[in-house]
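Computation of the quantities below employed the complete heavy-atom set of this structure, encompassing side-chain atoms and omitting hydrogens, waters and symmetry-equivalent molecules.
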Amino acid sequence: MKGTFSPLTLKRWQHFQANRRAFWSLWIFLVVFISSLFAEFIANDKPLLIVYDKQIYLPIFRFYPERTFEGDFETEADYKDPYIQEKINAKGWMIWPLIRYKYDTVNYDLPTPAPSRPTSENLLGTDDQGRDVLARLIYGFRISVLFGLILTIISSIIGVIVGGFQGYFGGAVDLICQRLIEVWSGLPVLYLLIIMGSFVEPNFWWLLGLMLLFSWMSLISLVRAEFLRARNFDYVKAARALGGSTFHIMFRHILPNAMVATLTYLPFVLNGAITTLTSLDFLGFGLPPGSPSLGEMLAQGKNNLHAPWLGITSFLCVASMLALLVLIGEGVRDAFDPRKVKF
């Protein structure tokens with residue numbers, strides 16, 4: 001590792017490790033997020049593996065009709081049906097995920113009307129449609145974090161490019177861009193997202209595009225200030241005198257210095273992206289109905305106050321995720337702070 005990274009980078013990583021809250025928050029978040037990427041293998045209404053009549057079947061990846069297991073129909077086998085289970089167990093065996101429910105699987109054998117309280121079958125209970133809360137929590141967490149990461153990466157790239165051009169060229173370019181950004185940033189973002197979302201059926205990519213129209217402005221002022229400060233430094237003047245192109249000077253010499261301050265804000269930008277998606281889902285203008293969503297689970301808790309496990313579960317999940325990101329962001333900010341990390 002010492003041969004791969006510079007001494008300054010190693011010093012920053014050591015300082016980040018010294019912040020125990022940030023360090024453990026990062027590991028907890030990574031473990032939970034990486035686990036959620038394999039949600040289909042953790043929570044699913046299909047077996048992971050079936051060995052039937054000396055043949056191997058993978059229902060998660062392939063469609064198998066009932067007739068494959070000596071059933072009656074050509075439709076996909078319902079592996080939770082006792083009749084199909086009896087057929088399979090007669091000539092083989094199955095390996096199930098830890099949770100035998102997907103985010104949209106309805107449990108028709110509830111001991112009480114939905115929403116049903118936590119049981120050994122549904123560890124966190126069910127929502128008002130009989131769907132397993134824990135399964136929806138896993139899938140909803142994955143969607144929220146992936147949405148936030150994609151939005152953060154794309155918006156950060158746009159923000160860095162726009163802010164860099166503003167700061168490097170200055171003058172009329174900076175003045176015109178600033179006035180346009182001030183007008184654009186003054187628009188009521190949440191209301192516009194709600195209005196736009198009412199014209200079309202929202203989905204993951206449509207929401208991502210709508211939010212990208214406004215989220216790219218979050219880093220512009222920071223990058224602009226860094227470029228304005230660095231464009232008159234001696235090393236930039238030297239590169240310009242040696243005939244370096246504008247693109248080369250901006251992205252080879254100035255950008256690495258500007259990225260130091262930019263990276264400290266990325267966890268907070270991710271936090272804001274997840275919060276916005278959760279808010280839209282809570283208001284009913286987010287992902288399509290039936291999608292696993294933390295905001296929709298919060299709305300379920302609000303609409304079913306007699307089922308406190310719904311509100312408590314979703315609140316703890318959202319609050320813990322945002323708290324972990326804030327702690328990680330604080331650790332990154334301190335690690336890149338030149339007053340605290342001296343070399």
Side-chain angles (χ1 to χ4, degrees), residues 5-6 8-37 137-138 140-164 185 189-190 204 207-208 211-212 214-226 255-281 286 293-295 298 314-341:
F5 300 102
S6 67
L8 181 58
T9 301
L10 291 175
K11 190 76 174 179
R12 287 170 176 160
W13 172 245
Q14 291 169 2
H15 191 80
F16 180 82
Q17 285 182 306
N19 188 331
R20 307 309 296 175
R21 292 184 305 176
F23 180 73
W24 285 110
S25 296
L26 175 64
W27 278 109
I28 293 172
F29 182 82
L30 287 177
V31 169
V32 175
F33 173 58
I34 293 174
S35 299
S36 70
L37 295 178
L137 194 69
I138 296 172
F141 180 88
R142 180 177 68 177
I143 286 182
S144 297
V145 176
L146 286 177
F147 184 92
L149 285 174
I150 295 173
L151 182 63
T152 299
I153 292 172
I154 298 177
S155 61
S156 297
I157 293 174
I158 298 174
V160 167
I161 293 174
V162 175
S185 62
V189 178
L190 188 58
F204 184 92
L207 278 176
L208 185 66
M211 293 178 62
L212 188 60
F214 304 96
S215 62
W216 58 271
M217 296 179 289
S218 57
L219 294 175
I220 283 184
S221 59
L222 178 65
V223 177
R224 170 180 170 270
E226 289 292 326
L255 182 59
N257 294 324
M259 287 303 295
V260 171
T262 303
L263 287 173
T264 63
Y265 277 81
L266 290 185
F268 302 103
V269 176
L270 174 60
N271 216 333
I274 294 174
T275 303
T276 304
L277 176 64
T278 303
S279 302
L280 288 173
D281 289 334
S293 163
L294 299 179
L298 287 171
S314 53
F315 169 77
L316 289 178
C317 177
V318 174
S320 301
M321 175 173 57
L322 298 182
L324 289 174
L325 290 174
V326 168
L327 292 174
I328 294 170
E330 290 179 351
V332 173
R333 181 189 61 193
D334 293 342
F336 282 90
D337 190 345
R339 296 170 299 179
K340 297 182 178 180
V341 181

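The nearest pair of heavy atoms linking Ile220 to Trp216 is CD1-CZ3, 2.9 Å. Across all their heavy atoms, Ser156 and Leu219 have their closest contact at OG-CD1, 3.4 Å. Residues Phe204 and Ile143 come closest through the heavy atom pair CE1-O, 4.1 Å. Closest non-hydrogen pair, Ser25 versus Leu327, comes out as OG-CD1, 3.3 Å. Gly163 and Val223 make their closest contact through C-CG1, 3.9 Å (heavy atoms, listed as atom of the first residue, atom of the second, distance). Residues Phe16 and Ile328 approach most closely at CE1-O, 3.9 Å, considering heavy atoms.
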**OP:** Before giving the answer on side chain to side chain contact (heavy atoms under 4.5 Å, CB included), spell out for Leu263 and Leu266 the whole-Å C-alpha distance, their side-chain angles and the decisive distance to 0.1 Å.
**Re:** CA-CA 5 Å; Leu263 287 173; Leu266 290 185; 3.6 Å; yes
**OP:** With side chain to side chain contact (heavy atoms under 4.5 Å, CB included) as the test, would you mind laying out the steps for Val145 and Met321 before giving the verdict?
**Re:** CA-CA 9 Å; Val145 176; Met321 175 173 57; 3.7 Å; yes
**OP:** Might you work through the side chain to side chain contact (heavy atoms under 4.5 Å, CB included) test for Phe147 and Ile274, ending with a clear yes or no?
**Re:** CA-CA 7 Å; Phe147 184 92; Ile274 294 174; over 6 Å; no
**OP:** Please step through side chain to side chain contact (heavy atoms under 4.5 Å, CB included) for the pair Leu137 and Leu294, ending with a clear verdict.
**Re:** CA-CA 7 Å; Leu137 194 69; Leu294 299 179; 4.0 Å; yes
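With contacts defined as side-chain heavy-atom distances shorter than 4.5 Å, the pair Trp24/Phe29 does not qualify. By the 4.5 Å heavy-atom criterion applied to side chains, Phe214 and Met217 are counted as neighbours.
Put simply, CD1 on Ile154 and CG on Leu149 are 11.0 Å apart, with the number rounded to the nearest 0.5 Å. Atoms CZ and CD1, from Phe23 and Ile28 in turn, are 11.0 Å apart once rounded to the nearest 0.5 Å. For the atom pair Leu146 CG and Leu277 CG, the distance stands at 11.0 Å (nearest 0.5 Å). Atom CG of residue Asp281 and atom CG of residue Leu207 lie 7.5 Å apart, to the nearest 0.5 angstrom. Summarising the geometry, atom CG belonging to Leu151 is positioned 8.5 Å from atom OG belonging to Ser218; distances are rounded to the nearest 0.5 Å. A distance of 8.5 Å separates CG of Leu325 from OG1 of Thr275, quoted to the nearest 0.5 Å.
By the 6.0 Å contact criterion, CZ on Phe141 is enclosed, its count of non-hydrogen atoms from other residues, nucleotides or ligands being greater than 12.
A side-chain donor-acceptor contact under 3.5 Å links Asn271 to the backbone of Leu322. Using modelled atom types, no side-chain atom of Ser320 and backbone atom of Cys317 make a donor-acceptor pair closer than 3.5 Å.
Using bins of under 30°, 30° to 60° and over 60° for the plane-to-plane angle, the ring pair Tyr265/Phe268 lands in the perpendicular bin.
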